[in-house]
Visitor: 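Dropping a structure here in structure tokens format, bear with me for questions.
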Amino acid sequence: MPQAPVLIVGAGPSGLNLALALIRRNVQSRLISEASGPGEQSRAMVVQARTLEFYGQYGFAAEVVEQGVIAETAHVREGGSSGSREVLSISFKEMGAGLSPYPFALAYPQDDHERFLIRKLQEADCEVEWGAKLMSFAQDENGVRADIEYNTGRVEHAESAYICGCDGARSCVRETLQVGFPGGTYEQLFYVADVKIAGGFSRDLYINLGEHILTLMFPVRSSGMQRLIGLVPSELSRRENLGFEDIRAEVEPLLDIKVTEVNWFSTYRVHHRVADKFRVGRAFLVGDAGHIHSPAGGQGMNTGIGDAVNLGWKIAHVLQNRADASLLDTYEPERIGFARSLVSTTDRAFAGLVGEGVAGEFTRKIVAPLVFGVVTRFRLGRHAIFRTISQMRIHYPDSPLSQGTAADVHGGDRLPWTGDHAQDNFEPLRSLDWQAHVYGEVDKDLETACRELHLPLHAFAFTDNTKDAGLKRNALYVVRPDGYIALASFEQSASKLRTFVEQFHLRFRNSPMPA
Ligand SMILES: Cc1cc2nc3c(=O)[nH]c(=O)nc-3n(C[C@H](O)[C@H](O)[C@H](O)COP(=O)(O)OP(=O)(O)OC[C@H]3O[C@@H](n4cnc5c(N)ncnc54)[C@H](O)[C@@H]3O)c2cc1C
């Protein structure tokens, strides 16, 4: 078997995205999975706008959107198994308008999503090694040695510079590193089912919340089915071999549906945990290996993909001698804070929404509709909700890589989209590399510095749209390969740019090796 500088353990959405981030930067990885083939369960259903923006950088976001279903409306229902009614209908259509090229949430099941990523990797000559299980590994300052057992019984000793644990909640990488995974398990049992309903395929999203009730219904385009997620009624949660028929009478009235065919039914327990560390030496934890939470917010898989995008370009830079190895120190602080806050917010929201007694009822019947009703009436409110759910709000203010400020945009923020297809400031991000942006007139000194540093400089007209996006006329924004701003500066300071570059010993593509 060929040796590669990066061993990726696990071929779920996190591992596949990490391999993609590396191969698109010409870094080979070895991607192993103990599974015998691609996943066949449609687990995570929602692809958030920020993930689509990353896929836009690879040039295949439109293909993904084409294969999913844009969820346009959410119907919120109220009531129990004796009958329910719609109390609120929320249009997603305009929620993110102007904020992202993908102003919506996309329903796209995880199994279809994984197969899509596998195809994209194959196009780049990167194959998953199925039936290959990491048994153990050891590391020192020179590298990593891992024992991989194939389902044929053969054991291989593999060497690599780095090992990335994308191996899910029961991560062998995390356990070998003896990194703690504190948190807990929700007492409720969840079910998941892919079903056909009478009346045909529905493209909308349905939700029913109540005391101990959580029922969600999503469209699954590839199968023409609906995906149901919910809480198993507590009196049934200990029943052996629970099947859809056991809960049919409870579930159908909640969404006012009649299920005509059940394709898949499964139950699972949900945990909320964050690893104490995301990195030990040459080993990294990515995705569910580092953090797991309630599926209620549709955030888990997207957060793992965000981890992979963050780590991928950094490992590529260090291996290609384009940055100091200290660049890798920024992975954990940039990603662990969001994972921790996500676990605590989804925890609180989940507990409040399905909670019991007066407090739960007050949250569902008064607080949630009031907040949603008032907030979504105003553009700013709709945008605030969209930014949070879509993961556009994720930023890295405390990272050593994040420096400076210019008006409303700070080092560590996601580069705002100018909302303008005619002058699309996300288009240059497809280079997957560093770049400088100026919205207005470019100074000669900056032009010279960028040329000498081999840093591509993109000048855009300063328009009402760029202003609305929070960008400042004639300011300098140095943008990282993952579309986050590293350096923001009111003035086009060539010296600030050079200091930043020297701090991390950055080399932009085609720039000469330092002496
Ligand atoms: C029933 C269910 C429903 C869910 N619904 C949602 C949802 O609606 N929204 C949402 O955001 N999230 C949801 N999730 C969570 C979501 O599926 C995960 O967040 C996502 O799969 C994480 O991706 P990952 O790549 O980090 O890990 P995983 O998808 O768990 O992938 C881990 C990979 O590692 C491999 N592996 C494990 N150990 C080894 C080893 N020792 N050697 C080699 N390979 C190994 C596995 O075979 C697998 O390929 C759901 C999860 C479940 C179980």
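No hydrogens, no waters, no symmetry mates; every other heavy atom, side chains included, goes into these values. Numbers here are sequence positions counted from 1. In each ligand, atom 1 is the first atom listed, and ligand 1 is the first ligand listed.
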Visitor: Counting heavy atoms only, which of A44, G300, A11 is nearest atom 7 (C) of ligand 1?
Guide: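 It is A44 that holds the nearest heavy atom.
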Visitor: Working to the nearest 0.5 Å, report the span between CZ of F278 and CG of L311.
Guide: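 Nearest 0.5 Å value for the CZ-CG distance: 11.0 Å.
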Visitor: Any side-chain to backbone donor/acceptor pair from R414 onto M392? Under 3.5 Å, distance only.
Guide: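 Such a contact is absent between R414 side chain and M392 backbone.
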Visitor: Within the structure, is a non-hydrogen atom of A132 found at a distance of less than 4.0 Å from ligand 1?
Guide: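 It does; at least one heavy atom falls under 4.0 Å.
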Visitor: Are K314 and L401 packed together at the side-chain level, in the sense that at least one heavy-atom pair is separated by less than 4.5 angstrom?
Guide: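 Yes - at least one pair of side-chain heavy atoms lies under 4.5 Å apart.
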Visitor: Going by distance only, is there an N or O of E114 that falls short of 3.5 Å from an N or O of ligand 1?
Guide: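 No - when backbone and side-chain N and O of E114 are compared with those of ligand 1, no distance drops under 3.5 Å.
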Visitor: Verify whether the ring centers belonging to H113 and Y55 lie closer than 6.0 Å.
Guide: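 That pair passes the under 6.0 Å test.
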Visitor: Distance to 0.1 Å, residue and atom name: give those for the protein heavy atom nearest to atom 53 (C) of ligand 1.
Guide: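 Checking every protein heavy atom, the shortest distance to atom 53 (C) of ligand 1 gives R43 CD, 3.6 Å.
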Visitor: Starting from atom 44 (N) of ligand 1, what is the nearest protein heavy atom, named by residue and atom, and what distance separates them?
Guide: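 Ranking protein heavy atoms by distance from atom 44 (N) of ligand 1, first comes E34 N, 3.0 Å.
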Visitor: Just to confirm my output: which protein heavy-atom neighbour is closest to atom 42 (N) of ligand 1, and how far is it?
Guide: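 Its nearest protein heavy-atom neighbour is L134 N, 2.9 Å.
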Visitor: Should M301 be counted as touching ligand 1, given the test is an N or O pair under 3.5 Å?
Guide: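 The answer is yes, given that M301 and ligand 1 share an N or O pair closer than 3.5 Å.
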Visitor: Among all protein heavy atoms, pick out the one at the shortest distance from atom 27 (O) of ligand 1; state its residue, atom name and that distance to 0.1 Å.
Guide: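 Looking at atom 27 (O) of ligand 1, the protein heavy atom closest to it is G168 CA, 3.8 Å.
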Visitor: Distance-only, no hydrogens or angles: does the R174 side chain make a donor-acceptor pair with backbone N or O of A289 under 3.5 Å?
Guide: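 Present.
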Visitor: Provide the number and element of each atom of ligand 1 under 4.0 Å from a heavy atom of C172.
Guide: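 In order of numbering, the contacting atoms are 41 (N).
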Visitor: Where the side chain of Q110 meets the backbone of A44, is there a donor-acceptor pair that is under 3.5 Å apart?
Guide: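 Flag set: sc Q110 to bb A44 pair under 3.5 Å.
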Visitor: Out of G10, G287, S14, C166, who gets a non-hydrogen atom closest to atom 24 (P) of ligand 1?
Guide: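 Among G10, G287, S14, C166, the closest heavy atom to atom 24 (P) of ligand 1 belongs to S14.
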Visitor: I'd like to know if the side chain of H395 and the backbone of R393 have a donor-acceptor N/O pair within less than 3.5 Å.
Guide: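 Answer holds: yes.
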Visitor: Assign the ring pair Y191 / F265 to parallel, tilted or perpendicular, where the plane angle (0 to 90°) is split at 30° and 60°.
Guide: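 Ring orientation, 0 to 90° scale: parallel.
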Visitor: Does even one non-hydrogen atom of V46 get within less than 4.0 Å of ligand 1?
Guide: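 Contact absent.
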Visitor: So which of K133, E34, E129 actually passes side chain to side chain donor-acceptor pair (under 3.5 Å) with Y150?
Guide: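 So, applying the side chain to side chain donor-acceptor pair (under 3.5 Å) to Y150 and each of K133, E34, E129, only E129 qualifies.
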Visitor: Among Q110, E175, E129, which one has a heavy atom closest to atom 21 (O) of ligand 1?
Guide: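 Looking at heavy atoms only, the winner is Q110.
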Visitor: Does P13 reach ligand 1 with a nitrogen or oxygen that is under 3.5 Å from one of the ligand's nitrogen or oxygen atoms?
Guide: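 Between P13 and ligand 1, an N or O pair is found under 3.5 Å apart.
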Visitor: Using distance alone, decide if ligand 1 has a nitrogen or oxygen within less than 3.5 Å of any nitrogen or oxygen in V286.
Guide: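 Among all N and O atoms of V286, none is under 3.5 Å from an N or O of ligand 1.
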Visitor: How many angstroms lie between OH in Y206 and OG1 in T215, if you round to the nearest 0.5 Å?
Guide: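 So the gap between those two atoms works out to 14.0 Å.
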Visitor: Between ligand 1 and D288, is the shortest N or O to N or O distance under 3.5 Å?
Guide: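 Min N/O separation from ligand 1 is below 3.5 Å for D288.
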Visitor: Any atoms of ligand 1 less than 4.0 Å from a non-hydrogen atom of K133? List them with their elements.
Guide: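 Within the 4.0 Å cut-off of K133, ligand 1 contributes 41 (N), 42 (N), 43 (C).
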Visitor: For the aromatic rings, using the six-membered ring if either is Trp, is the centroid distance between F116 and F60 under 6.0 Å?
Guide: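 They qualify: ring centres under 6.0 Å apart.
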Visitor: Starting from atom 47 (O) of ligand 1, what is the nearest protein heavy atom, named by residue and atom, and what distance separates them?
Guide: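 I find the closest protein heavy atom is S33 OG, 3.2 Å.
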Visitor: Heavy-atom contacts with A35 under 4.0 Å: which atoms of ligand 1 show up? List them by number with element.
Guide: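 Counting from 1, the qualifying ligand atoms are 47 (O).
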Visitor: Between atom OG1 of T388 and atom CD of Q299, what is the distance when rounded to the nearest 0.5 Å?
Guide: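 Reported to 0.5 Å precision, the distance equals 9.0 Å.
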Visitor: Of the protein's non-hydrogen atoms, which lies at the shortest distance from atom 31 (O) of ligand 1, and what is that distance?
Guide: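 Protein heavy atom at minimum distance: G12 CA, 3.7 Å.
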Visitor: Is there a polar contact, in the sense of an N or O pair closer than 3.5 Å, between A289 and ligand 1?
Guide: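 No - when backbone and side-chain N and O of A289 are compared with those of ligand 1, no distance drops under 3.5 Å.
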Visitor: Quick one: which ligand 1 atoms are inside 4.0 Å of a heavy atom on Q299?
Guide: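 Result: 11 (O).
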Visitor: Could you tell me whether Y186 and H272 have their ring centroids closer than 6.0 angstrom?
Guide: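 Between Y186 and H272, the centre distance is under 6.0 Å.
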